[in-house]
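Side chains are part of it too, since the values below use all heavy atoms of this structure and drop only hydrogens, waters and symmetry mates. Protein chains get the first letters and strands the later ones, always in sequence-line order, with residue 1 at the start of each.
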Amino acid sequence: MRIEELPVDERVKRVIIERGIEELYPPQAKALKSGVLDGKNLVLAIPTASGKTLVSEIVMANKLLREGGKAVYLVPLKALAEEKYREFKAWEVLGLRVAATTGDYDSTDEWLGRYDIIIATSEKFDSLLRHGSNWIRDIKLVVADEVHLIGSYDRGATLEMILSHMLDRAQILALSATVGNAEELAEWLNAELVVSDWRPVELKKGVFHLGELVWEDGKRERYPENWESLAIDAVKRGKQALVFVNTRRSAEKEAVSLSSKVARLLTKPETRQLKELADSLEENPTNEKLKKAIRGGVAFHHAGLSRTERTMIEDAFREGLIKVITATPTLSAGINLPAFRVIIRDTKRYAGFGWTDIPVLEIQQMMGRAGRPKYDRVGEAIVVARTEDPKKLMEKYIHGKPEKLFSMLANEQAFRSQVLALITNFGVSNFRELIGFLEKTFYFHQRKDTSSIEYKAKDIVYFLIENEFVDMDMNDRFIALPFGKRTSQLYIDPLTAKRFKDAFPKLERNPNPFGIFQLIASTPDMATLNARRREMEDYLDLAYEFEEKLYTNIPYYEDYRFQTFLGEIKTAKILLDWINEVPEARIYETYSIDPGDLYRILELADWLMYSLIELYKLFEPEKDVLNYLRDLHLRLRHGVREELLELVRLPNIGRKRARALYNAGFRTQEDIMRAKVRDLLEVEGIGMKVVEGLFRHFGVEMPKGAKKGSKKAERVRKGTLDDFLK
DNA sequence: GATACGGATTTATAGACAGCATGTC
DNA sequence: CTATAAATCCGTATC
């Protein structure tokens, strides 16, 4: 079907044609003929990269131009929100304003009301719904990307709930990978269903076993015995490969191992560029290995890497400079990074209680990364059989059907906060109404029965009443209490809130960083760290050393909480090191964690520290304690000792610059205000830009005529700054 | 008695969303 | 609980 023939607004067609697209892919055409353009709900289950995004763009733009209102585009990852934001920006030529909102950006505020297309993570949108902004009622269309995540254990319930909320209030377009029960999903959403396995780049799938590569059609090829030859072969043919493994360590090991072989296939300029790239990386233990691999044209990719390294690797791979990436599942569902050949080394993974098969759905998502549109005619996805029976793998992952989706609403933790939100934020005022709402969910649609979830809901309501999140009046009507309402808006688990509340009396008597950090680390919202066997004794000793600083008792060895407790102590110690200005590299080494892990811990601790303070405010806070907590929060955010608190409040001054300034004798804001620019510039990490920012912050006017730009202006400004700050 | 070696045993294992008010080196 | 590789332990050989 040609774009020209589409029954949509002319302006929409024009934008798409200008993009160079004239013809729709078959599944796209089928989708657009399903009735979505007339406002019907649609479940679109087609492979990645077969044009789901374009369909949603057409539907969104057309709808907004014709009817006005807003469209919300839901994504599972922040990185995807950014990616979509860049793509959708193109629609601004038609006057459609695009905004992305995740936890990194703005919050509830009404500012989103000025936008037409709003991209948000599911959790963020859930949070927006809870805050009840005015513009919510203008939403005419909700696009749910990767809707199969409704079956994910920890995050599925959120997606299910927001769709339940929006079901009768807006048109729904659900984009899904191929799943076992797409019909069931479509029925629930009262939607048309379009399923297809058509791809713009043909996908060849096969299984590799001891040098023999068997394609799905039975054709065979011989290779050297080791699976690495598959990656090397791709590089020899001028292509790239993506290797999926199941542990970080494997990713690193295989990357280094492959790099020595790939290195021989590189051109001189490539080797030079790769060396430059490797040299530009920061020094830390993980990056040592990464540098080694990169010099040979290979990189590993996992969540331990910092944001900088990750994007650097992704960009270099897209450019074709890096030939092979070995990755954990970070890359399977995240940003769009296709390769000619996808090699799946592992089909099992360790899941807390043992080894489990990776679901067909996930393996197929990985395989879907094979084939670069515009570059490759076909893409190849190969599952490696190392210990498994190759026939079984072929049957299960190549010819087999993906699993059915199951509602995860009954997941205790998720359900607990959802029930609280229903009562405190969504006006559910008695138990009957609560059950009434649950009947709109996928859970109910799938089970046709609420008895077991009713039982759970009851338990949760008792828990909420007992802990003063909500109350019940004489007529069994729910009353939202401030504690409950705030908990729900802070988006923390009620259990976290309860733990905080219970600790307040002790905290008030004895506020101290270690105790507070252990408290934060003990909540279900914090990332868990495991104390390694040989570290256990050290952390136990540490716990006893700090015993009177803790707000909890040290569990006995036999206690089931013992292991997790030591993990909490480890986490608390890391945070303590952080605010005592221990260098990052030392932290990575001491605790054997990666940059990405530290970042994650700090991010969570920051959020939870804020939440702790907000909740403390509800319980007749003592002023001194409140200020103490606020200072500690600032220290945590910037990773500084107390003496730097004043400096760190200045713009563009963080951990390193504040320390440098302090050591150079600038200990207060006053010191800096009085300092000579020349002296400030002497300090490491302080340049003209930073000084300029300080200048502005102190409210000293920029001298006229000394605006940015010409060299002359620069000179003038430099000359006058001193005078102003003397 | 110290050290080097090699086989046996033990250990550890993926990822990443949320508040709020603005900017690290 | 299905695996696998690295780290560590431990006994033996060697100097």
Side-chain angles (χ1 to χ4, degrees), chain A residues 75-81 101-109 120-128 130-131 149 152-155 158-159 244-254 282 301-304 308 327-334 345-358 362 386-388 414 417 486-493 496 525 527 530-535 584 592 596-597 599-601 603-604 606-615 633 637-639 648-660 684-687 689-690 693 697:
Chain A
V75 292
L77 301 169
K78 290 194 228 177
L80 280 175
T101 170
T102 69
D104 288 347
Y105 303 100
D106 301 66
S107 60
T108 126
D109 267 350
T121 53
S122 305
E123 286 77 9
K124 183 65 186 190
F125 185 62
D126 190 17
S127 161
L128 289 166
R130 292 184 190 187
H131 279 89
L149 286 174
S152 118
Y153 180 78
D154 54 337
R155 296 179 59 198
T158 313
L159 187 53
F244 284 106
V245 298
N246 64 4
T247 66
R248 290 183 186 185
R249 222 156 49 183
S250 304
E252 295 178 7
K253 190 199 78 169
E254 302 294 10
E282 204 178 292
H301 191 287
H302 59 58
T308 336
T328 56
T330 16
L331 277 186
S332 66
R345 198 201 69 169
D346 302 313
T347 55
K348 286 176 181 291
R349 87 164 59 114
Y350 189 85
F353 46 87
W355 287 85
T356 48
D357 279 346
I358 297 174
E362 280 179 50
R386 294 192 299 163
T387 54
E388 298 290 295
S417 45
R486 198 71 189 108
T487 298
S488 176
Q489 290 189 332
L490 289 167
Y491 216 81
I492 56 177
D493 188 324
T496 298
D525 284 309
N530 222 344
R532 286 177 171 70
R533 186 59 66 104
R534 64 172 188 281
E535 300 172 330
E584 280 137 81
S592 42
D597 303 317
Y599 177 82
R600 182 100 200 99
I601 290 166
E603 192 189 29
L604 285 165
D606 182 24
W607 166 48
L608 290 169
M609 187 76 210
Y610 175 83
S611 301
L612 182 139
I613 293 171
E614 286 302 298
L615 290 179
H633 185 207
R637 174 163 291 182
H638 293 288
V648 113
R649 284 178 212 269
L650 293 168
N652 294 311
I653 304 297
R655 192 173 210 230
K656 302 207 171 146
R657 284 175 184 155
R659 177 47 65 193
E684 192 168 343
I686 309 284
K689 278 253 167 63
V690 178
H697 175 78

Discussion item. Show, in sequence, the C-alpha distance, side-chain angles and deciding distance for A:Thr158 and A:Asp126, and conclude whether the side-chain hydrogen bond (donor to acceptor under 3.5 Å, both in side chains) test is met.
Written reply: CA-CA 7 Å; A:Thr158 313; A:Asp126 190 17; 4.9 Å; no
Worksheet entry | A:Glu684/A:Lys656 salt bridge by N-O under 4.0 Å criterion | no
Worksheet item: Is the phosphate of B:dC25, meaning OP1 or OP2, less than 4.0 Å from a side-chain N or O of A:Lys689?
Response: no
Discussion item. Taking 4.0 Å as the cut-off, does a side-chain nitrogen or oxygen of A:Arg130 come that near to OP1 or OP2 on B:dG19?
Written reply: no
Worksheet item: Any Lys/Arg nitrogen of A:Arg249 or A:Glu252 sitting under 4.0 Å from an Asp/Glu carboxylate oxygen of the other?
Response: no
Discussion item. So is the aromatic ring of A:Trp607 stacked onto the base of B:dA18, judging by whether the centres are under 5.5 Å apart and the planes are under 30° apart?
Written reply: yes
Response to the item:
Checking N1-N3 plus N6-O4 or O6-N4 for Watson-Crick, or N1-O2 and O6-N3 for wobble, each under 3.5 Å, the partner of B:dA12 is C:dT4
Worksheet entry | side-chain N/O A:His131 vs B:dC20 OP1/OP2, d < 4.0 Å | yes
Worksheet, complete the sentence: Taking a pair to mean Watson-Crick or G-U wobble geometry with both distances below 3.5 Å, C:dG11 pairs with B:dC5
Worksheet item: Across all strands, who's sitting opposite B:dC17 as a Watson-Crick or G-U wobble pair, both distances under 3.5 Å?
Response: none
Discussion item. As a test of reading the structure: which of B:dC25, B:dA16, C:dA6 is closest to the side chain of A:Arg249, going by heavy atoms?
Written reply: C:dA6
Worksheet item: Would you say A:Ser250 reaches B:dT13's phosphate, i.e. side-chain N/O to OP1/OP2 under 4.0 Å?
Response: no
Worksheet item: Looking only at side-chain N and O atoms, does A:Arg659 come under 4.0 Å of OP1 or OP2 in B:dC25?
Response: no
